[in-house]
Enquirer: 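Sending over a structure as structure tokens; questions will come in a sec.
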Protein chains: 2
Amino acid sequence: MDVTTKPDELPDCSGVGDVLGRIGDKWTVQVIVLLRRQPERFNAIKRRVPKISQQMLTRTLKALERDGLITRTVRATAPPQVEYSLTEAGLSLAETVRHLAVWAVDHRQYIRDSRARYDTAQ
Amino acid sequence: MDVTTKPDELPDCSGVGDVLGRIGDKWTVQVIVLLRRQPERFNAIKRRVPKISQQMLTRTLKALERDGLITRTVRATAPPQVEYSLTEAGLSLAETVRHLAVWAVDHRQYIRDSRARYDTAQ
DNA sequence: CAGTATCCGCTCCGATACTG
DNA sequence: CAGTATCGGAGCGGATACTG
């Protein structure tokens, strides 16, 4: 689809809510962005997302796998190794999210300032 | 910032989580996208986001105003009219979110299929 | 190493009633 | 018309203990 479509022609905006509800949780995006570099194993991901609990990482990875955004590969070694990597769809989402990341970085200070002004005005 | 920066150079991904946590709720994006066309009044927005409750619309608008993404203008008429419109920052966010919207539409069916396959495989 | 299982607090959000 | 106030359920996410 063409991103340059005119504003008024944006189709079915309700679907956006679904996706944002899906990736808008606390951890999903961090994991996706992290896997963009290269496939990683469970505990490697855990180390690179320092605050995530084991349970939430499990849930997040499972949900991503269910949605076809990452694949889970088990190597029959001892100890067992499980590697997670982005699918093509997952990679395209990661790239898309980068636009939002850029926006976030660009407007971080602006939002902080706006909040401070708003709060003191009350 | 340059969106074409190399993957590994994406700065401070943790900030992305903040923003996604902020706009990743159930209503914020729908309101922003809606206001992209033109400024709207309270009940006009409510009508165009059919399922939103009055309280959630109030909260959503207030949070957006606090973040400097929309402005609230009261006209001293009877009955009172309150108009909400995007700020420049809000508009730029709306445009950025459109990329995600496009991704969502493009991959909607893929995700549905992935889930169906995953669920039946269990 | 890579998970499961259980408990539990907290916040999101809906429903409803009320107000200037 | 444009809100505010209050109650309550559901689910996200944290902490901890346990397992193949």
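As the structure is a computational prediction, the values presented were derived from the model and not from experiment. Naming convention: chains lettered A, B, ... in sequence-line order (proteins, then strands); numbering from 1 in each chain.
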Enquirer: Would you say Glu95(B) and Arg36(B) make side-chain contact, with heavy atoms under 4.5 Å?
Expert: yes

Enquirer: Atom CD of Glu83(B) to atom C1' of dG3(D): distance rounded to whole Å?
Expert: 17 Å

Enquirer: Can you tell me which nucleotide in dG3(D), dG13(D), dC13(C) comes closest to the side chain of Trp27(B)?
Expert: dC13(C)

Enquirer: Which value, rounded to the nearest 0.5 Å, describes the distance between Arg98(A) atom CZ and His99(B) atom NE2?
Expert: 12.5 Å

Enquirer: For a quick test of reading the model: is some side-chain N or O of Lys46(A) closer than 4.0 Å to OP1 or OP2 of dC1(C)?
Expert: no

Enquirer: So what does Arg41(A) touch, heavy atoms closer than 4.0 Å: a base, only the sugar-phosphate, or nothing?
Expert: sugar-phosphate

Enquirer: Under 4.0 Å: is that the gap between some side-chain N or O of Tyr84(B) and OP1 or OP2 of dG3(D)?
Expert: yes

Enquirer: Measure the distance from CG on Leu61(A) to P on dT4(C) and round it to the nearest whole Å.
Expert: 10 Å

Enquirer: Counting side-chain heavy atoms from C-beta on, which of dG14(D), dG14(C), dT4(D) comes nearest to Arg59(A)?
Expert: dG14(D)

Enquirer: I need the CZ-P distance between Phe42(B) and dA2(D), as an integer number of Å.
Expert: 8 Å

Enquirer: Do Arg66(A) and Asp119(B) have side-chain heavy atoms sitting under 4.5 Å apart?
Expert: yes

Enquirer: Among dA2(C), dG14(D), dC1(D), find the nucleotide with the atom closest to the side chain of Pro79(B).
Expert: dC1(D)

Enquirer: Mind checking whether Leu93(A) and Ile23(A) have side chains closer than 4.5 Å, heavy atoms only?
Expert: yes

Enquirer: What is the separation between atom NZ on Lys26(B) and atom P on dG11(D), rounded to the nearest whole Å?
Expert: 11 Å

Enquirer: How would you list, by chain and number, every residue that makes a ring-ring contact (aromatic ring centres under 6.0 Å, His included) with Trp103(B), sequence neighbours excluded?
Expert: His107(B)

Enquirer: Below the 4.0 Å mark, does dG3(D) have OP1 or OP2 next to a side-chain nitrogen or oxygen of Lys62(B)?
Expert: no

Enquirer: Could you state the CE-P distance from Met56(A) to dT4(C), rounded to the nearest angstrom?
Expert: 13 Å

Enquirer: Does a side chain donor of either Thr60(A) or Thr28(A) reach within less than 3.5 Å of an acceptor in the other side chain?
Expert: no

Enquirer: How is Lys51(A) classified with respect to the nucleic acid when contacts are heavy atoms under 4.0 Å: base, sugar-phosphate, or nothing?
Expert: nothing

Enquirer: Count the heavy atoms belonging to other residues, nucleotides or ligands that lie under 6.0 Å from CD of Glu88(A), then report whether that count exceeds 12.
Expert: no

Enquirer: Grouping I, L, V, M, F, W and Y whenever their side-chain heavy atoms are under 4.5 Å apart, do Val74(B) and Tyr118(A) come out in a common cluster?
Expert: no

Enquirer: Base, sugar-phosphate, or nothing: which does Gln54(B) touch, judged by heavy atoms less than 4.0 Å apart?
Expert: base

Enquirer: Round to the nearest Å and state the distance from Arg22(B) atom CZ to dC12(C) atom P.
Expert: 11 Å

Enquirer: Could you check how far CG of Leu20(B) sits from P of dC12(C), rounded to whole Å?
Expert: 16 Å

Enquirer: Rounded to whole angstrom units, what separation is found between the CG atom of Leu57(A) and the C1' atom of dC12(D)?
Expert: 16 Å

Enquirer: Which nucleotide sits closest to the side chain of Pro80(A): dC13(C), dA2(D), dC1(C)?
Expert: dC1(C)

Enquirer: State whether the side chain of Tyr110(A) and the backbone N or O of Gly68(B) hold a donor-acceptor pair below 3.5 Å, judged by distance alone.
Expert: yes

Enquirer: Using a strict heavy-atom distance below 4.0 Å, which residues from residues 70-78 of chain A are in contact with DNA chain D?
Expert: none

Enquirer: Do the non-hydrogen side-chain atoms of Leu35(A) and Ile45(A) ever get within less than 4.5 Å of each other?
Expert: yes

Enquirer: Between dA2(D), dG14(C), dT4(C), which nucleotide has the shortest distance from any of its atoms to the side chain of Gln55(B)?
Expert: dG14(C)

Enquirer: Estimate the overall bend of the helix from dC1(C)-dG20(D) to dG20(C)-dC1(D) from the end axes over five pairs each, rounded to 10 degrees.
Expert: 50°

